[in-house]
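The block underneath contains the structure these notes are about, expressed in structure tokens.
Here is how names work: the chains are called A, B, and so on, in the same order as the sequence lines, proteins then strands, and each is numbered from 1.
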Number of protein chains: 2
Amino acid sequence: MRSTAEARRATVLNAAVSAFARTGFHATPVTAVAAAAGISEAYVFRLFAGKLGLFVAAAGACFERIVVVLEAGAERAGDAGPEEVLEAMGDAYAELIADRDLLLFQVQAQAVTDVPEVAEAVRAGYKRVATFVRSRSGASDAQVQQFFAYGQLCHLIVTAGLEQVPEPWARALTAGIRHP
Amino acid sequence: MRSTAEARRATVLNAAVSAFARTGFHATPVTAVAAAAGISEAYVFRLFAGKLGLFVAAAGACFERIVVVLEAGAERAGDAGPEEVLEAMGDAYAELIADRDLLLFQVQAQAVTDVPEVAEAVRAGYKRVATFVRSRSGASDAQVQQFFAYGQLCHLIVTAGLEQVPEPWARALTAGIRHP
DNA sequence: GATGTTTGTGAGTGCACACTTACAAACATG
DNA sequence: CATGTTTGTAAGTGTGCACTCACAAACATC
């Protein structure tokens, strides 16, 4: 026994978020996750209920980490007004353009919502994030909605690689989106 | 010879957009597209350069149809001011919540942007749409950006099924998004 | 140190699916 | 109506991958 099952699950989930973020649910073999986590494929299947169970658990971990990122960002704004806190959270979220895992995983999860378990996990995740943003910032419904709208735009920018496109239409879409 | 190859390609592309929209690139077997188009799998492979070629062609057809939808929407606003035209285009786009194919295909395409050919097709598609929205409405960069941000929010709402969620956080995200 | 439990793996099994090939029928053209 | 071309398919082939199982080693407890 080198490690407890619970600790293994945590490292596997980190590997899973990264792997699924890059190649998506169906194109990511469990072998790849197992290799990234440094254990055998068979043991991954003992730790999680099938590939789907692994993906759903990874979704939970992903949204958990997103809340942590936003919380850290909000901390930098202290207890200023809603606009300032939202702005700080936006900056924090924009940092995910560099460390793409959390951003891309959401895109991948949205693409598998034809599987009911995944759809449920996505709803649960956004519920966590939305209620946190709302309560931590004290912003209005419309402001929260705008926050998520531009967050989703961020997903498009990253997946399509629009930061690299110098043409005017792409500059218009990426304007004001700050990255580190 | 029941049909010309070009006509076949068109019907296959329609079937492909629908099929890929629902289950995505990797989880959609070419057999499914062929069956929906009413021809054999082998012939699909003769009409298109592999599954990837089919998907890329379907992406082209998808964005083409999106421009048509937006154009029809803009037509209803005539040549009013930018805000009015954008509003009309927004209404037209929101109708895609009902006929989900065009909306979901974009989500699926964004999820396969690790394949360079798909990334390129997505960029080309959004270039078409963005330049059209810009020139047809005469709106500012910031307005166009906002248009796309809320469009992407629309994708989240549909994939996660948030219209069906009565809780306050979901209502906040879906507020003002009009569906028929 | 014998027994039980948890952690871990190697070697399979079966199936789904991308892609090919060999062949047939419909149509055109002289 | 012979010859060539395009449209179409049935029946494979090979491979990748989800998932299982039998078995082994580390650890705990008495």
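- Residues Ile177(B) and Ile97(B) have side chains in contact (heavy-atom distance under 4.5 Å, counting atoms from C-beta outward).
- Taking a 4.0 Å limit (strictly below) on heavy-atom distances, residues 24-33 of chain B does not reach DNA chain D anywhere.
- A distance of 8.0 Å separates NE2 in His155(B) from CG in Leu96(B), rounded to the nearest 0.5 Å.
- Side-chain nitrogen and oxygen atoms of Arg8(A) include at least one within less than 4.0 Å of the OP1 or OP2 phosphate oxygen of dG8(C).
- One atom, CZ of Arg46(A), and another, P of dA24(D), lie 14 Å apart when rounded to the nearest Å.
- Atom OH in Tyr43(B) sits about 20 Å away from atom P in dA11(D), given to the nearest Å.
- Between the Thr23(B) side chain and the Phe20(B) main chain, no donor and acceptor come within less than 3.5 Å of each other.
- We find that CD1 of Ile39(B) is positioned 10 Å from C1' of dT7(D), with the value rounded to whole Å.
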Would you mind writing out the side-chain donor-acceptor pairs for residues 38-60 of chain B within the sub-3.5 Å range, not counting sequence neighbours?
{"from": "Ser40(B)", "atom 1": "OG", "to": "Tyr43(B)", "atom 2": "N", "distance (Å)": "3.3"}
{"from": "Lys51(B)", "atom 1": "NZ", "to": "Phe25(B)", "atom 2": "O", "distance (Å)": "2.8"}
{"from": "Lys51(B)", "atom 1": "NZ", "to": "Thr28(B)", "atom 2": "O", "distance (Å)": "2.9"}

### Query
Passes side-chain contact (heavy atoms from CB on, under 4.5 Å), Glu71(A) versus Phe132(A)? Steps please.
CA-CA 9 Å; Glu71(A) 199 155 24; Phe132(A) 170 76; 3.7 Å; yes

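- For Leu52(B) and dC19(C), the CG to P distance is 8 Å, given to the nearest whole Å.
- We find that CG of Leu47(A) is positioned 14 Å from P of dT20(D), with the value rounded to whole Å.
- When rounded to the nearest whole Å, the span between CZ of Phe20(A) and P of dC17(D) equals 12 Å.
- At least one side-chain heavy atom of Glu64(B) sits under 4.5 Å from a side-chain heavy atom of Arg128(B).
- In this entry the distance linking CD of Glu41(A) with C1' of dG10(C) reads 11 Å, nearest Å.
- Remark: Arg65(B) pairs with no residue by the salt bridge (charged side-chain N to carboxylate O under 4.0 Å, His left out) rule, at least two apart or across chains.
- Each of dA18(C), dA18(D), dC21(D) was ranked by its minimum atom distance to the side chain of Lys51(B); first place goes to dA18(C).
- Judged by closest nucleotide on DNA chain D, Thr4(B) is the one of Ala42(B) and Thr4(B) placed further toward the 5' end.
- Rounding to whole angstrom units, CZ of residue Phe45(A) and C1' of dG10(C) are separated by 15 Å.
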